[in-house]
Protein chains: 2
Amino acid sequence: MGRTPSNRPTLARVAERAGVSVSTASLAFSGSGPITPETRDKVFAAATDLGYTGPNPLGRQLRRGRSGIVGVVIGDHPGRAFRDPVAVQVLDGLVDVLGTEGLGVLLIPGVDLGEDTVDPLLETAAMDVAVLVWGVLTDDPTLAALQRRSVPVVVGEGRAVEGSPLVELEDRAGAAEAVRHLVGLGHTRIAEISLPFGRGERSGPVDAERLACADRTPTAHRMAGIRDVVDPVITWETPASLVEHGRDAATEILGTWVPADERPTAIVAHSDLLAAGAVIAARELGLRIPEDVSVAGFDGLDLPWLSPDVLTSVHQPLRDKGMKLGQAAIDLIAGREPTSVSLPVGLVPGTTTGPAPAR
Amino acid sequence: MGRTPSNRPTLARVAERAGVSVSTASLAFSGSGPITPETRDKVFAAATDLGYTGPNPLGRQLRRGRSGIVGVVIGDHPGRAFRDPVAVQVLDGLVDVLGTEGLGVLLIPGVDLGEDTVDPLLETAAMDVAVLVWGVLTDDPTLAALQRRSVPVVVGEGRAVEGSPLVELEDRAGAAEAVRHLVGLGHTRIAEISLPFGRGERSGPVDAERLACADRTPTAHRMAGIRDVVDPVITWETPASLVEHGRDAATEILGTWVPADERPTAIVAHSDLLAAGAVIAARELGLRIPEDVSVAGFDGLDLPWLSPDVLTSVHQPLRDKGMKLGQAAIDLIAGREPTSVSLPVGLVPGTTTGPAPAR
DNA sequence: CGGTGTCATCGAATCGATTTGACCATGCCG
DNA sequence: CGGCATGGTCAAATCGATTCGATGACACCG
């Protein structure tokens, strides 16, 4: 029995005070259903008397069988996930769209706690649908936990999941376009700075064996797109899409890795943050951009602090992607069959790419 | 009656199948209470047979009277709020601490929809407690909505609210310390770039009348701290803590506002992002840092892209602040009396401040 | 052998709402 | 005036779990 008496007024108490039945009082609040204005006013008056501020969401949710909550699994600690402007813009679109339907976003850290242990929220929190924003790995414990609970899932960016809508970007085509741009400018020695591969964070040059491990998307897609056009002279793996990692990688690639006359003349990075780090590294090494080295990114972020350089980048509709994810979630809740979509991307040239140096 | 039959197994069905009572089955899952291992196994076996994956959170929540959800009101559209690294770090600490208690974070846009209309989530979503991360304004409609529903509130950074714990930083002392540092270096013409004042975003120089409108914290506190030491020769208001706004402000302050021989020799900004913008503006104007102009910020962010400059800044324990907010929320839920705290800050000198130019 | 205590299990109340179908006045029509 | 809609109101079932107090079995002790 209720340990705590919880003297909060309930709909029943309001009804009693208004001299009507509970069902009538409910009708007054829900707005739907026939009710005379006088009765409604009577109920509202009783409610304000008692300090009742509307139906208890918990009761309503149980009855309805819906929580009105969308679980959003962010692939990492929030502190890391949100440091990435890409993540932030997607989330923005997502929250916006869900808000129009009165749905709330519950943040769920998707961090792997080791040995297939996942965040308890995945196991116990109430949610009508979950959105896996950063794609899924093979044998993803996060996905497994949700499927066990038969929570419908929307997957962003990555491997398709049986029965779940997928929202992705044309990563492969975009990456190919960026490299084609560089090749068109005469570059032949092109280095690649890549996003994380999957489980197990590493940084450093990548050999053929490691190359086969690229599990995470969009990494794998962007790698494929680049290789559709040219084979990079080197691929440098990074542990996260952060400026400092791009800087470290480019410092090695441009500085110590090979003699200056074999130095790559262009760098294509899997993300704008990595590319920005490469620009900074080049500056620090006294290299001119784009005269000595060209840098292309991916994401189409607005990076005012890179001034006066403007990054050449593959623009992607991030906010739109978030909105599509949200729409898919809404469709799933409504029982509609959502469709997978692939959003277009496009190269936007900036000032960081130019003709290859004459040698 | 249930329109949708919802063929999901329930605890009752599991109990029936296991040949025990519902209460016993509940005991088996909750883990608390005496129960023989055989009975427990019988229940679990029946559960796996039926594909039952644990108690429905909605039923549990209603019974318990707790949703296990903490509403976090972010002061703006998430797209803007999360672009601020300060916000992100606080949120990170918050999510972390709440996660240890199995509590989830529900994101609530605190954006003002005009005429005292707030996000519907504030009115209807289930939450055990709300955290107002970015402080409250006077007559904050957000706060009003929560109080109407008698949702307990934790306030971060700002005006204290009757009956709610407050977690803040020693903004005033920190700002004073930064300015004292500049004065100690011989600076006398110090300009201030300020965070937004409150309702109604503006940008530009501030006169005495506008100065009195500073409603939002920490703006007001940092302004006070600065004035504890010196009166700025000019205060420039910005609409948000973003690099581009700092850049715009500093371009005006250092470039066109006064003749070069009256130019301020130092800029103190209310945030690191604004300060970084000022550094970039100075570079663009061909001014050397710190020889021609010194720049001090506030937040203690790690800004690798500002390389080779390292910002002089007032360091604040952001993640820790998030954790303290979370702890206060946990205390409130548990019925404990949480205490307000004020976290210490400290100046960390970088390379962007130096002796005032000889004139 | 009766009394007492322990322990696993169960029955029933409860959390706070929504929703359906029944019910009872009306009002209208023929 | 009887029959039939119409429309507002209500009683009761239901959502899915938790938890209290009762029950019965069993062992132990005097």
Side-chain angles (χ1 to χ4, degrees), chain A residues 1-43 46-47 50-68 124-126 128 149-150, chain B residues 1-43 46-47 50-68 124-126 128 149-150:
Chain A
M1 319 287 167
R3 242 289 122 276
T4 12
S6 173
N7 43 10
R8 277 263 259 272
T10 72
L11 191 58
R13 215 122 66 201
V14 172
E16 187 187 23
R17 168 135 188 166
V20 301
S21 76
V22 195
S23 16
T24 305
S26 174
L27 256 25
F29 278 102
S30 76
S32 69
I35 198 168
T36 48
E38 301 104 68
T39 315
R40 189 208 315 272
D41 291 347
K42 217 162 48 180
V43 174
L50 264 49
Y52 180 82
T53 56
N56 180 325
L58 260 28
R60 181 207 292 267
Q61 287 173 15
L62 174 59
R63 185 60 242 252
R64 291 247 177 99
R66 295 258 178 77
S67 63
T124 64
D128 297 336
R149 290 179 60 189
S150 40
Chain B
M1 318 288 170
R3 246 281 131 271
T4 13
S6 172
N7 43 11
R8 277 264 258 273
T10 71
L11 191 58
R13 216 123 64 201
V14 172
E16 188 188 20
R17 167 134 189 165
V20 301
S21 76
V22 195
S23 16
T24 305
S26 174
L27 255 26
F29 278 102
S30 75
S32 71
I35 198 168
T36 48
E38 301 102 70
T39 315
R40 190 209 315 273
D41 290 347
K42 219 164 42 180
V43 174
L50 265 46
Y52 180 83
T53 56
N56 180 325
L58 260 28
R60 181 207 291 268
Q61 287 173 16
L62 173 59
R63 185 59 241 252
R64 291 248 177 99
R66 295 257 178 77
S67 63
T124 64
D128 298 336
R149 289 179 60 190
S150 39

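What you are looking at is a predicted structure, and each value in this text was computed from that prediction instead of being measured. Below, chain A is the first sequence line, B the second, and so on; all start at residue 1.
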Spacing of [X] atom [atom1] relative to [N] atom [atom2], expressed in whole Å:
| X | N | atom1 | atom2 | answer |
| --- | --- | --- | --- | --- |
| B:L58 | C:dG16 | CG | C1' | 12 Å |
| A:E16 | C:dG16 | CD | C1' | 15 Å |
| A:L50 | C:dG16 | CG | C1' | 15 Å |
| A:R13 | C:dT14 | CZ | P | 13 Å |
| B:R63 | D:dT14 | CZ | P | 20 Å |
| A:L62 | D:dG16 | CG | P | 7 Å |
| B:E38 | C:dA8 | CD | C1' | 11 Å |
| B:L11 | D:dT18 | CG | P | 7 Å |

C:dC10 phosphate, OP1 or OP2, under 4.0 Å from B:S23 side-chain N/O: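 The answer is no; no side-chain N or O of B:S23 sits under 4.0 Å from OP1 or OP2.
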side-chain N/O A:R64 vs C:dT19 OP1/OP2, d < 4.0 Å: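 Answer yes for this pair, as a side-chain N or O of A:R64 is under 4.0 Å from OP1 or OP2.
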Expected output: side-chain A:D128 to main-chain A:S67 donor-acceptor under 3.5 Å: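 Side chain of A:D128 to backbone of A:S67: a pair is present.
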Donor-acceptor contact below 3.5 Å, side chain B:R13 vs main chain B:R8: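 Answer holds: yes.
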N/O donor-acceptor pair, side chain A:R60 with base C:dT18, under 3.5 angstrom: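 Such a pair does not exist between side chain and base.
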Residue mapping more 5' on DNA chain C - nearest nucleotide basis, B:K42 or A:P55: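 The residue closer to the strand's 5' end, by nearest nucleotide, is B:K42.
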Sugar-phosphate, base or nothing in reach of A:I35, heavy atoms under 4.0 Å: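 Sugar-phosphate contact only.
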Sugar-phosphate, base or nothing in reach of A:S26, heavy atoms under 4.0 Å: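 Since a base atom lies under 4.0 Å of A:S26, the category is base.
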Full working for side-chain contact (heavy atoms from CB on, under 4.5 Å) between B:Q61 and A:Q61: CA-CA 10 Å; B:Q61 287 173 16; A:Q61 287 173 15; 4.2 Å; yes
Note, B:S26 side chain near B:L11 side chain (heavy atom, < 4.5 Å):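 Answer yes - side chains close enough.
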Heavy-atom check, side chain of A:T10 versus side chain of A:N56, under 4.5 Å: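 Heavy-atom side-chain distance check fails, nothing below 4.5 Å.
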Residues B:T39 and B:T36: side-chain donor-acceptor under 3.5 angstrom: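 Yes.
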Minimum-distance nucleotide (side-chain atoms of [X] versus [options]):
| X | options | value |
| --- | --- | --- |
| A:T39 | D:dG8, C:dC15, C:dC10 | D:dG8 |
| B:S21 | C:dC10, D:dT18, D:dA13 | C:dC10 |
| B:T36 | C:dA8, D:dT18, C:dG16 | C:dA8 |
| B:T24 | C:dC10, D:dT9, D:dC15 | C:dC10 |
| A:L27 | D:dG8, C:dT19, C:dC10 | C:dT19 |

side-chain contact (heavy atoms from CB on, under 4.5 Å) evaluation trace for B:S150 with A:T53: CA-CA 9 Å; B:S150 39; A:T53 56; 5.7 Å; no
Full working for side chain to side chain donor-acceptor pair (under 3.5 Å) between B:S21 and B:T24: CA-CA 5 Å; B:S21 76; B:T24 305; 3.0 Å; yes
Inter-axis angle, terminal five-pair segments of the helix from C:dC1-D:dG30 to C:dG30-D:dC1 [nearest 10°]: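 Between the first-five-pair axis and the last-five-pair axis there is 50°.
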